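Here the structure is laid out as structure tokens; the discussion comes afterwards.
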Amino acid sequence: MIDTRILEITAELDTAENIVIVPHKGPDGDAMGSSLALYHFLKNKGHKVDVIAPNDYPDFLKWLPGSEDVIVYESNKDKCDEIIGKAEIVFTLDFNHLSRCGLMQDSLVASEAVFVMIDHHQEPSDYADYTYSDAKMSSTCEMVYCFIDKLRAKKDITPQIATCLYTGIMTDTGSFRFSSTSSDTHRVIAELIDKGAKNDQIHNNIFDTNSEDKLQLLGTALKNLKMNRDLRTAYISLSQEELDRHNFKKGDTEGFVNYGLSLEGIIFAVIFIEKKNENIVKISFRSKGDFDCNTFARAHFDGGGHINAAGGRSELSLNDTIVRFNKILPQYSEELKK
Ligand code: 5GP
Ligand code: MN
């Protein structure tokens with residue numbers, strides 16, 4: 001854990017008026033949950049706070065309390081640049097390299113604000129003035145809870161804050177089943193329920209709001225699933241044409257990669273998703289046990305993340321990306337067969 005004087009931020013917080021909170025590009029439940037929890041916490045303390053997401057996020061997160069106040073950088077660049085220019089403190093949540101902010105990176109680099117990182121990914125870079133980084137944590141939401149606790153402010157956790165934090169812990173732990181889920185995670189979750197998080201409603205809002213298109217797309221994804229039993233690997237691909245055919249909306253492929261991992265004997269699962277407008281293939285990696293997705297994604301697909309969950313990208317065609325992946329895989333034969 002790196003915890004560079006995180007409590008010294010209290011002095012900065014006492015004087016700061018304008019605060020900006022930034023989740024990573026392609027924000028997920030943990031990024032939005034942690035950002036909005038911190039948003040409510042700081043706003044309730046009297047600060048002027050803006051959450052600026054680098055780009056839009058899935059509809060299944062838009063019920064989160066405070067979601068209506070989130071500004072999307074890609075569609076409000078000038079306004080966001082002005083807000084970032086005035087910020088005295090910038091909190092960056094759920095990422096540890098400014099390159100994870102997409103177009104927003106330049107504006108952040110130019111800012112003279114004090115930067116605070118709260119994040120649970122491996123290998124943090126050193127852009128922040130205050131770094132609270134712990135790769136053992138289940139989620140950034142669990143860390144925001146600990147941050148509030150360190151500030152001795154647990155009494156200020158409202159039902160809204162509890163709801164946001166519960167959501168991010170739940171999504172990042174695959175509903176409390178990944179190995180990152182510790183007994184402390186469960187204790188935090190218990191407290192969040194006591195503070196007003198409605199666990200049944202949150203699960204319903206996230207998991208039981210599928211569209212018919214999304215389920216049909218899942219059918220296509222499962223038909224495309226391929227297995228390399230020898231190397232205990234399964235992968236799925238979705239072409240742009242397949243996405244279009246099912247009226248793909250942001251978030252519709254969330255969780256698909258886990259189906260590969262649910263196969264008996266499979267410890268490494270991958271999904272390749274063609275993104276024609278960006279000219280890339282977006283890749284998600286998931287593993288069980290010791291197989292290190294972070295190292296794999298960093299070494300071959302310009303990405304990163306955690307041991308059991310990472311992401312990356314390829315600028316080759318979908319087909320060539322998969323051919324390349326299958327060529328790389330045997331290099332990991334020893335780790336995959338272990
Ligand atoms: P996902 O596959 O759900 O997009 O991401 C899995 C994990 O890897 C998340 O923790 C996410 O923040 C991280 N991740 C996804 N894409 C990238 C990437 O391109 N670079 C890095 N460094 N991390 C990523
Ligand atoms: Mn996270």
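None of the values given here were measured: they were computed from a predicted structure. Counting starts at 1 for both ligands and their atoms, in listed order.
The shortest side-chain heavy-atom distance between L151 and F41 falls under the 4.5 Å cut-off.
For ligand 1, the protein residues within 4.0 angstrom (heavy atoms only) are R100, H121, K282, S284, R286, G303, G304, G305, H306, A309, A310, G311.
Atoms OD2 of D172 and OD1 of D94, as seen from the Mn ion (ligand 2), are separated by an angle of 170°, to the nearest 10°.
At a threshold of 4.5 Å between side-chain heavy atoms, the hydrophobic network of Ile, Leu, Val, Met, Phe, Trp and Tyr places V114 and I19 in one connected group.
Between H203 and F207, the angle of the ring planes lies from 30° to 60°, which puts this pair in the tilted group. Ring orientation note: the planes of F268 and F325 are tilted relative to one another, at an angle of 30° to 60°. The aromatic rings of H120 and H306 lie tilted to each other, with the angle between the two planes from 30° to 60°.
Among the atoms of H121, no N, O or S atom is found under 2.8 Å from the Mn ion (ligand 2). Residue contact annotation: D30 places an N/O/S atom under 2.8 Å from the Mn ion (ligand 2).
Heavy-atom neighbours of K79 NZ from other residues, nucleotides or ligands within 6.0 Å: at or below the threshold of 12.
For the pair R187 and Y145, the cation-pi criterion (under 6.0 Å, within 45° of the ring axis) is not fulfilled.
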